[in-house]
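Only one structure is covered here, and it is reproduced in the block below.
All chains are named by letter (A, B, ...) in the order of the sequence lines, taking the proteins before the strands, and each is independently numbered beginning at 1.
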Number of protein chains: 2
Amino acid sequence: MIKKSIEESIVLSIFDLSNQLKKIGDEVYQKVGLTTQQWLILLHLANNPNLPFFKRENHKKDLMASELADSLNVSRANITNLINVLLEKGLIKQVEDNEDRRKKRLKLTKKGVELVKDTQPNRFAVIKYLTDGFNEDEKKTFLRFLEACMNKLVNEDEKIKSFHELLVEIEA
Amino acid sequence: MIKKSIEESIVLSIFDLSNQLKKIGDEVYQKVGLTTQQWLILLHLANNPNLPFFKRENHKKDLMASELADSLNVSRANITNLINVLLEKGLIKQVEDNEDRRKKRLKLTKKGVELVKDTQPNRFAVIKYLTDGFNEDEKKTFLRFLEACMNKLVNEDEKIKSFHELLVEIEA
DNA sequence: AAAAATAGTTAATAATGTTTACTAATTTGT
DNA sequence: ACAAATTAGTAAACATTATTAACTATTTTT
């Protein structure tokens with residue numbers, strides 16, 4: 001019998017909520033033939049300052065695929081696939097970097113900029129609606145909490161995995 | 001240019017954190033040939049009271065596949081696939097319901113119970129470590145926040161989708 | 001100058017999940 | 001009571017999303 005614990009409730013709720021957000025996002029963005037994942041790439045290229053990635057590190061130059069892979073925590077090959085869709089739709093473009101010719105900088109096209117701009121008020125309204133009913137202090141604490149968790153996960157993930165070292169192989 | 005907003009930061013952080021948790025979970029549970037998703041099923045069958053699903057509704061009888069589909073927000077067919085792995089590994093068993101012979105109740109086997117029990121202290125330690133540094137009141141507020149968001153998403157998802165109605169078809 | 005590392009891509013493949021169609025059992029409406 | 005609708009589970013075919021491994025080109029390190 002597993003005990004009630006507010007900490008575990010929080011972790012499981014974060015999971016649940018994120019799933020739900022992704023589902024709804026996929027449904028909404030399907031109208032323009034995109035997935036939540038592809039939409040997140042657009043938000044990166046729009047330099048959305050609220051993305052955890054931009055809080056972790058400062059970026060002056062346009063992003064490249066490997067940085068997106070890093071931020072979304074997926075393989076570079078996967079980013080290539082996601083990007084191809086956005087390129088085909090004419091929402092982004094690749095610009096060769098003259099200083100390091102291995103690199104290709106990604107930019108929103110005019111069409112991409114406009115799509116992000118046009119949908120921004122509604123995205124914002126949804127987010128405001130969702131997070132309504134809590135005061136500024138509470139929201140700040142909540143964000144600190146999420147960021148603290150994240151820091152532990154990325155900086156000390158070996159430590160966390162080692163907690164589970166005892167997980168013994170079970171016979172199939 | 002998108003403005004800084006604490007609300008959007010929160011939503012994007014939840015996304016990011018959940019991804020990271022899933023990745024680490026997949027890596028950890030790979031040792032026993034399971035995915036995070038399959039592990040979640042084990043937690044359901046162990047009646048983990050911290051699962052959002054058990055907070056939403058009360059369950060006296062053992063769960064069935066369609067309830068798991070509901071809780072994990074995936075199709076029934078997908079649950080069949082996930083369950084088959086757990087059956088093969090001998091971690092769960094199906095029991096026919098005598099009152100309604102369409103239903104198959106799912107139960108942990110002795111082996112399944114033991115796996116959950118043995119790993120519980122470490123799971124708990126990880127969660128405690130992650131959520132450390134915040135007091136009880138703060139944690140309670142987070143949980144209320146997460147549950148409030150979730151409620152809006154599930155009860156008023158049509159309203160949320162309608163926010164995006166203006167999303168116009170873009171030509172490929 | 002050689003070796004190692006980085007960036008991106010391609011191809012093959014794994015996993016995850018969906019839709020559709022089906023069977024069986026139960027519930028509902030008349 | 002009985003036809004129609006609903007619910008539960010599964011199977012098959014497929015879509016998608018992601019991964020790994022191998023490769024090219026370029027840059028950095030030693």
Touch class at under 4.0 angstrom, heavy-atom based, for A:Gln94 against every strand present: sugar-phosphate
Any A:Lys104 side-chain N or O less than 4.0 Å from OP1/OP2 of C:dT9: yes
B:Ser66 side chain near D:dT7 phosphate (N/O to OP1/OP2, under 4.0 Å): no
From CA spacing to verdict: salt bridge (charged side-chain N to carboxylate O under 4.0 Å, His left out), B:Glu8, A:Arg123: CA-CA 9 Å; B:Glu8 185 171 23; A:Arg123 281 192 353 94; 2.2 Å; yes
Heavy-atom neighbours of A:Glu57 CD exceed 12 at 6.0 Å: yes
B:Gln37 side chain near C:dA15 phosphate (N/O to OP1/OP2, under 4.0 Å): no
Spacing between B:Leu34 atom CG and C:dA15 atom C1', to the nearest angstrom: 14 Å
Ring geometry between A:His59 and A:Phe54 (parallel below 30°, tilted from 30 to 60°, perpendicular above 60°): perpendicular
Check: B:Asn50 side chain, A:Lys3 main-chain N or O, donor-acceptor pair, under 3.5 Å: yes
Rounded distance in Å - CG (B:Leu72) to P (C:dG17): 9 Å
Carboxylate-amine/guanidinium proximity below 4.0 Å for A:Asp100 and A:Lys103: yes
N/O (side chain, B:Thr35) to phosphate O (OP1/OP2, C:dA15) under 4.0 Å: no
Sugar-phosphate only, base, or nothing, as touched by A:Ser75 at under 4.0 Å among non-hydrogen atoms: base
Gap between atoms CG and P, on B:Leu68 and C:dT16 respectively (whole Å): 16 Å
Distance, rounded to the nearest Å, where B:Asp62 contributes CG and D:dG9 contributes P: 12 Å
Sugar-phosphate, base or nothing in reach of A:Ala65, heavy atoms under 4.0 Å: sugar-phosphate
Integer-rounded Å distance: C:dT13 P and A:Asn78 CG: 18 Å
Distance in angstrom units between B:Arg76 CZ and C:dT16 C1', rounded: 18 Å
Atom-pair distance (CG on B:Asp70; P on D:dA8), nearest Å: 10 Å
Any A:Thr80 side-chain nitrogen or oxygen under 4.0 Å from OP1 or OP2 of C:dT9: yes
Geometric class of the B:Phe53/B:His44 ring pair [parallel <30°, tilted 30-60°, perpendicular >60°]: tilted
Measure all distances between protein nitrogen or oxygen atoms and nitrogen or oxygen atoms of nucleotides 24-30 of chain D, and list the pairs falling under 3.5 Å.
{"unit_1": "D:dT26", "atom_1": "OP1", "unit_2": "A:Arg101", "atom_2": "NH1", "d": "3.4"}
{"unit_1": "D:dT26", "atom_1": "OP1", "unit_2": "A:Arg101", "atom_2": "NH2", "d": "3.4"}
{"unit_1": "D:dT26", "atom_1": "O2", "unit_2": "A:Arg102", "atom_2": "NH1", "d": "3.3"}
{"unit_1": "D:dT27", "atom_1": "OP1", "unit_2": "A:Arg101", "atom_2": "N", "d": "2.8"}

B:Asn81 side chain, from C-beta outward: closest of C:dG17, D:dG9, D:dT19: C:dG17
Below 4.0 Å: OP1/OP2 of C:dT16 and any side-chain N or O of A:Lys22: no
Pairs touching residues 127-137 of chain B that satisfy side-chain hydrogen bond (donor to acceptor under 3.5 Å, both in side chains), sequence neighbours left out: A:Glu7-B:Lys128, A:Glu156-B:Tyr129
Separation of C:dG8 P from A:Ile79 CD1 (nearest whole Å): 10 Å
